[in-house]
Amino acid sequence: MQLHLDLLSPPCRSLYLFAEALKIPYEFRLVDLLAGQQYSEEFGKLNLVKKAPVLEDGSFVLSESTAILQYLVQKCSVADHWFPAELQQRARVDEYLSWQHLNLRSHCSKVFLLRLMHRPLMGSEAPKDKLDATLEDMKQSLDLLEEKFLQDKPFIVGNKISVADLVAMVEMMQPLGVGVDPFQGRPKLTAWRDRVKKELGVKLVDQAHEALLDSSGLQQKMQNNTELQKLKPMFLKYFR
């Protein structure tokens with residue numbers, strides 16, 4: 001089984017952490033997203049959507065990180081708490097995974113992309129009003145994560161970690177790569193993040209985020225990126 005990943009991507013990190021923490025055998029295949037490798041002809045044959053992550057299991061190819069997570073849960077017979085069999089608990093996981101795409105994931109990613117890519121792609125810093133609006137959207141999503149999904153529970157579904165916690169945590173880490181701390185002033189979410197890291201393995205989580213949190217390395221990669229213009233259509237579409 002192969003996983004095509006780039007650890008700068010939160011959905012890719014969720015799969016990497018899940019597979020590593022649960023010792024699921026797989027082969028790591030790097031897709032350098034900032035170099036535009038997802039737009040290559042070879043990768044396009046694997047995934048017409050031209051996005052990572054992608055799973056290959058023999059002749060079976062699957063995209064979309066949450067679908068891959070659920071596939072791995074069932075294929076590898078992991079502990080039930082990751083994606084509970086009990087109807088209402090599973091529905092809570094599905095509820096979070098359905099919500100996060102256009103909310104926490106979208107808003108955290110937009111903060112990251114505006115701060116990292118606006119200058120090299122557009123020749124100027126991101127407009128203050130656009131960045132402020134994006135930060136406000138992220139704040140509202142964080143409020144909902146805290147008040148609706150987590151509430152006073154140790155984890156999103158209850159007393160045990162699930163894939164919902166894993167997906168939420170990697171998304172919240174993304175703005176840290178550009179100097180924005182979503183956990184600042186949020187002790188409940190900070191304590192929850194630390195519980196998630198402990199369940200997965202603190203060293204593993206830190207290792208998975210090394211490239212993201214290396215701000216000087218990220219900036220250097222952007223400056224030396226001869227393929228950067230391949231990303232401009234995606235960037236403009238995202239912020240049109």
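Residues L46 and V49 do not share a hydrophobic cluster, clusters being chains of Ile/Leu/Val/Met/Phe/Trp/Tyr side chains in contact below 4.5 Å. Following chains of ILVMFWY side-chain contacts shorter than 4.5 Å, one cannot reach F183 starting from V202, and the two form parts of different hydrophobic clusters.
The closest side-chain heavy-atom distance from Q174 to L212 is below 4.5 Å. In this structure, S109 and E171 have side chains that are in contact, with non-hydrogen atoms separated by less than 4.5 Å. Contact of the L135 side chain with the V180 side chain is registered, since non-hydrogen atoms from C-beta on lie closer than 4.5 Å. Here the side chains of V54 and V61 are in contact, with some heavy-atom distance below 4.5 Å. The shortest distance between side-chain heavy atoms of L55 and Q2 does not fall below 4.5 Å. No side-chain heavy atom of Q38 sits less than 4.5 Å from a side-chain heavy atom of K51. The shortest side-chain heavy-atom distance between L8 and L33 does not fall under the 4.5 Å cut-off.
One N or O on the side chain of H107 and one on the backbone of D137 form a donor-acceptor pair closer than 3.5 Å. Between the side chain of D165 and the backbone N or O of I156 there is at least one donor-acceptor pair closer than 3.5 Å. No donor-acceptor pair closer than 3.5 Å links the side chain of R195 to the backbone N or O of F155.
Within a 6.0 Å radius of CD in E27, other residues, nucleotides and ligands contribute more than 12 heavy atoms. When the shell of 6.0 Å around CD of E86 is examined, it contains more than 12 heavy atoms from other residues, nucleotides or ligands. No more than 12 heavy-atom neighbours from other residues, nucleotides or ligands sit within 6.0 angstrom of CZ on R92. Around CD of E199, the count of heavy atoms belonging to other residues, nucleotides or ligands within 6.0 Å exceeds 12. At most 12 heavy atoms of other shown residues, nucleotides or ligands fall within 6.0 angstrom of atom NZ in K198. Open room surrounds NZ on K160; 12 or fewer heavy atoms of other groups in view lie less than 6.0 Å from it.
Comment: K139 engages D143 in a salt bridge, judged by a side-chain N to carboxylate O separation of less than 4.0 angstrom. Between K197 and D206 a salt bridge is recorded (basic side-chain N to carboxylate O distance below 4.0 Å). Salt-bridge check for K148 with E95: passed, with a basic side-chain N closer than 4.0 Å to an acidic carboxylate O.
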Derivation and outcome, side chain to side chain donor-acceptor pair (under 3.5 Å), residues E125 and H118: CA-CA 6 Å; E125 297 295 336; H118 200 281; over 6 Å; no

Steps toward side chain to side chain contact (heavy atoms under 4.5 Å, CB included) verdict (M172, R193): CA-CA 9 Å; M172 284 190 67; R193 176 203 61 193; over 6 Å; no

Side chain to side chain contact (heavy atoms under 4.5 Å, CB included) between R29 and L5, intermediate numbers included: CA-CA 6 Å; R29 301 293 298 272; L5 308 171; over 6 Å; no

Worked verdict on Y96 versus V163 for side chain to side chain contact (heavy atoms under 4.5 Å, CB included): CA-CA 10 Å; Y96 177 76; V163 294; over 6 Å; no

Working for side chain to side chain contact (heavy atoms under 4.5 Å, CB included), residues Q100 and V167: CA-CA 9 Å; Q100 59 94 27; V167 169; 3.6 Å; yes

Only pairs under 3.5 Å count here: list side-chain donor-acceptor contacts from residues 66-84, not counting sequence neighbours, and write none if there are none.
from: Y71; atom 1: OH; to: D57; atom 2: OD2; distance (Å): 2.7
from: Q74; atom 1: NE2; to: Q70; atom 2: O; distance (Å): 3.4
from: K75; atom 1: NZ; to: D57; atom 2: OD2; distance (Å): 3.1
from: D80; atom 1: OD1; to: A85; atom 2: N; distance (Å): 2.8
from: H81; atom 1: ND1; to: I161; atom 2: O; distance (Å): 2.8

Got a list of side-chain donor-acceptor pairs under 3.5 Å for residues 14-25, not counting sequence neighbours?
from: S14; atom 1: OG; to: P11; atom 2: O; distance (Å): 2.6
from: Y16; atom 1: OH; to: Q207; atom 2: OE1; distance (Å): 2.8
from: Y16; atom 1: OH; to: Q207; atom 2: NE2; distance (Å): 3.2
from: E20; atom 1: OE2; to: Y26; atom 2: OH; distance (Å): 2.7

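Listed here is the closest heavy atom pair of V157 and S162: CG2-OG, 3.7 Å. Minimum heavy-atom separation, Q37 to F43: O-CB, 3.6 Å. Between V178 and V111, the closest heavy-atom pair is CG2-O, 4.1 Å. For P10 against V170, the heavy-atom pair with the smallest separation is O-CG2, 3.4 Å. In this structure, K188 and Q151 approach most closely via the heavy-atom pair NZ-O, 3.0 Å. The two atoms that bring L7 and C12 nearest to each other are CD2-O, 4.4 Å, heavy atoms only.
Interatomic distance, R115 CZ to T134 OG1, rounded to the nearest 0.5 Å: 11.0 Å. How far CG of L150 is from CG of L142: 12.0 Å, rounded to the nearest 0.5 Å. Note that CG of D181 is 9.0 Å distant from CE of M173, once rounded to the nearest 0.5 Å. Atom CG of L176 sits about 10.5 Å away from atom CZ of F112, to the nearest 0.5 Å. In this structure, OG in S141 is found 4.5 Å from CG in N103, a value given to the nearest 0.5 Å. Between the CG atom of L34 and the CG atom of D6 there is a distance of 6.5 Å, given to the nearest 0.5 Å.
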